[in-house]
Amino acid sequence: MIIGLKVLALLTEPATAREINEAAQGVEGIDLDLRMVGEEGPLSHIEAARLTHLVLLEIDSQDEGDLQRTRELVATVGDRANVFVTYAQGDLKALRTLMRAGVRDVLPQPELPDQLARELEGVLVSERDSLRADQAPRGKAIAFLNAKGGAGATTLATNVAYHLAAGGEAKVAILDLDLQFGAVAMSLNLRPERTIQDALDAPERVDPLFLGALMTEHDSGLHVLAAPESIQGSGEIPGEVARPILGAALESHDYVILDLPRVFNPLMVTTLAIADPVHLVIQQDIATLHDARTTLDGLATLGVRAEKLELLLNRATGKRLGDIREEDIPALLGREIGARVHNDFEAANRAQAEGRPVAEVKSQSPLARDLQALASRLAQPSQATPGSAGDRRKGGSLWNLFRR
Ligand SMILES: Nc1ncnc2c1ncn2[C@@H]1O[C@H](COP(=O)(O)OP(=O)(O)OP(=O)(O)O)[C@@H](O)[C@H]1O
Ligand SMILES: [Mg+2]
């Protein structure tokens with residue numbers, strides 16, 4: 001993908017604006033947003049600055065207030081955007097202060113157009129290189145869906161995403177697509193300023209940079225695209241909106257974990273078509289297994305290939321629960337169980353209440369080990385997909401519940 005370099009110029013002098021326009025015209029692929037800054041000061045443009053690759057700030061290098069505002073701008077957007085400063089006159093002391101603050105370079109004004117054109121080309125090349133590096137290999141979209149409310153999809157999605165990110169080798173994002181009751185941010189004790197709603201409201205603006213600015217970073221390095229804080233209207237969201245959002249997330253991450261709600265709306269249908277694998281989280285009880293059958297049928301009707309479906313048995317105990325033994329499940333659902341995750345109410349509950357991953361709350365528990373193992377399995381280049389469970393056993397009262 002060829003990207004345009006988004007440049008935000010925050011200027012005080014009309015003559016500088018003319019020079020910058022001239023410099024930008026000489027470089028292909030520049031998307032210039034030029035703003036004259038008055039009394040309001042550059043920091044009131046911080047929202048726009050978050051969404052750009054390069055910010056060029058015009059300051060008075062003798063003004064302590066301007067130097068302070070530059071420091072604040074770099075502190076807020078410097079990890080994402082390259083901040084350059086230009087001034088009419090400046091001494092070595094001002095230059096040192098600015099470089100120490102994290103400004104990428106200072107462009108004194110007499111040579112501004114030439115120097116800026118060179119810098120723009122340099123940043124353009126490095127942004128394209130890093131995007132290309134991010135694109136290879138293209139990310140994997142891994143979905144978690146529950147067969148019944150509370151089966152554990154969010155717990156599994158969040159903890160698997162955490163382990164993949166905490167490994168330190170991969171760029172990992174989790175997208176909370178449970179738009180009404182999403183709990184991913186809460187389960188990681190994050191208070192996001194932006195949410196997926198910003199992307200749903202402006203799908204035409206979504207690219208890796210824009211989406212990145214909407215994500216909140218967890219200490220593990222995991223990028224979280226949170227669900228909206230409150231229920232937003234009742235309007236149906238067109239399914240196609242999922243494509244730019246997932247596409248942008250996949251371009252800039254190795255793994256994109258999708259926490260899905262249990263609704264089959266257009267957004268979900270598109271998401272399920274893109275995700276691979278799709279994990280269906282079940283528990284060992286009649287009601288959940290019954291709904292799992294309905295869900296599996298629904299997924300088949302939607303064209304979700306059986307090979308990319310994986311059953312995850314959550315809260316596994318290895319014991320018989322009511323009428324059901326774990327060994328009965330493959331026959332009941334017509335599929336093998338892909339992986340099991342131990343039952344540990346105390347650890348799961350404490351992790352949720354404290355907003356921490358299970359591994360940080362009870363690292364040596366079988367539950368933490370299962371979640372880590374699930375992540376490791378997904379990180380392997382090709383995982384074996386479990387086959388279908390073969391013939392269903394005949395007879396038995398349980399079968400009547402499942403027969404169609
Ligand atoms: N392996 C486990 N052992 C014990 N408790 C668990 C386990 N996994 C999840 N839980 C608990 O089950 C409850 C529901 O989990 P979670 O929110 O992950 O489910 P969900 O499928 O995402 O539900 P929802 O329908 O609300 O989206 C939580 O209180 C969680 O702590
Ligand atoms: Mg959930």
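Read the numbers this way: they start at 1 and go in the same order the structure lists the ligands and their atoms.
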[Y]/[X] salt bridge by N-O under 4.0 Å criterion:
X: Asp285; Y: Lys148; answer: no
X: Glu64; Y: Arg71; answer: yes
X: Asp207; Y: Lys6; answer: yes

**Q.** Pick from Leu313, Asn314, Val341: the one approaching atom 1 (N) of ligand 1 most closely through a non-hydrogen atom
**A.**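 Minimum heavy-atom distance to atom 1 (N) of ligand 1 goes to Asn314.
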
Q. Among Ala348, Pro261, Ala151, which residue places a heavy atom closest to atom 5 (N) of ligand 1?
A.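 It is Ala348 whose heavy atom sits nearest to atom 5 (N) of ligand 1.
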
Taking [atom] as the reference point, the nearest protein heavy atom with its distance:
atom: atom 3 (N) of ligand 1; answer: Asp344 N, 3.0 Å
atom: atom 26 (O) of ligand 1; answer: Gly150 N, 4.3 Å
atom: atom 2 (C) of ligand 1; answer: Arg315 CG, 3.6 Å
atom: atom 29 (O) of ligand 1; answer: Gln352 OE1, 3.1 Å
atom: atom 27 (O) of ligand 1; answer: Asn146 ND2, 3.7 Å
atom: atom 30 (C) of ligand 1; answer: Thr155 OG1, 3.8 Å
atom: atom 19 (O) of ligand 1; answer: Gly152 N, 3.1 Å

How about [X] and [Y]: do any of their side-chain heavy atoms sit closer than 4.5 Å?
X: Asp219; Y: Tyr162; result: no
X: Val341; Y: Val281; result: no
X: Leu112; Y: Ile20; result: yes
X: Leu260; Y: Leu272; result: yes
X: Ile59; Y: Leu98; result: yes

Q. Is it the case that more than 12 heavy atoms not belonging to Glu169 sit under 6.0 Å from its CD atom?
A.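 Count not over threshold, so no.
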
(Q) Within a 6.0 Å radius of atom CD on Glu39, are there more than 12 heavy atoms belonging to other residues, nucleotides or ligands? (A)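 Atom CD in Glu39 is not crowded, with 12 or fewer foreign heavy atoms closer than 6.0 Å.
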
Q: Give a yes or no answer on whether the side chain of His279 reaches the backbone of Glu310 with a donor-acceptor pair at less than 3.5 Å.
A: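 No, His279 side chain to Glu310 backbone: no donor-acceptor pair under 3.5 Å.
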
For [X], which part has a heavy atom under 4.0 Å from ligand 1: side chain, backbone, both, or neither?
X: Asp259; result: neither
X: Thr154; result: both
X: Arg262; result: neither

(Q) With a cutoff of 4.0 Å, is Asn343 in contact with ligand 1, counting heavy atoms of the residue only? (A)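 True for this residue.
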
Q: Please indicate whether any nitrogen or oxygen in Leu367 is less than 3.5 Å from any nitrogen or oxygen in ligand 1.
A: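 No.
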
Q | Under 3.5 Å: N/O of Leu156 near N/O of ligand 1 | A |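 Among all N and O atoms of Leu156, none is under 3.5 Å from an N or O of ligand 1.
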
Q | Ligand-residue contact atoms, ligand 1 with Gly149, heavy atoms, under 4.0 Å | A |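 Result: 25 (O).
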
Q) Numbering the atoms of ligand 1 from 1, which are under 4.0 Å from a heavy atom of His342? A)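 Going through ligand 1 atom by atom, the ones under 4.0 Å from His342 are 1 (N), 2 (C), 3 (N).
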
Q: Tell me whether Thr155 has at least one N, O or S atom under 2.8 Å from the Mg ion (ligand 2).
A: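 It does not; every qualifying atom lies at 2.8 Å or beyond.
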
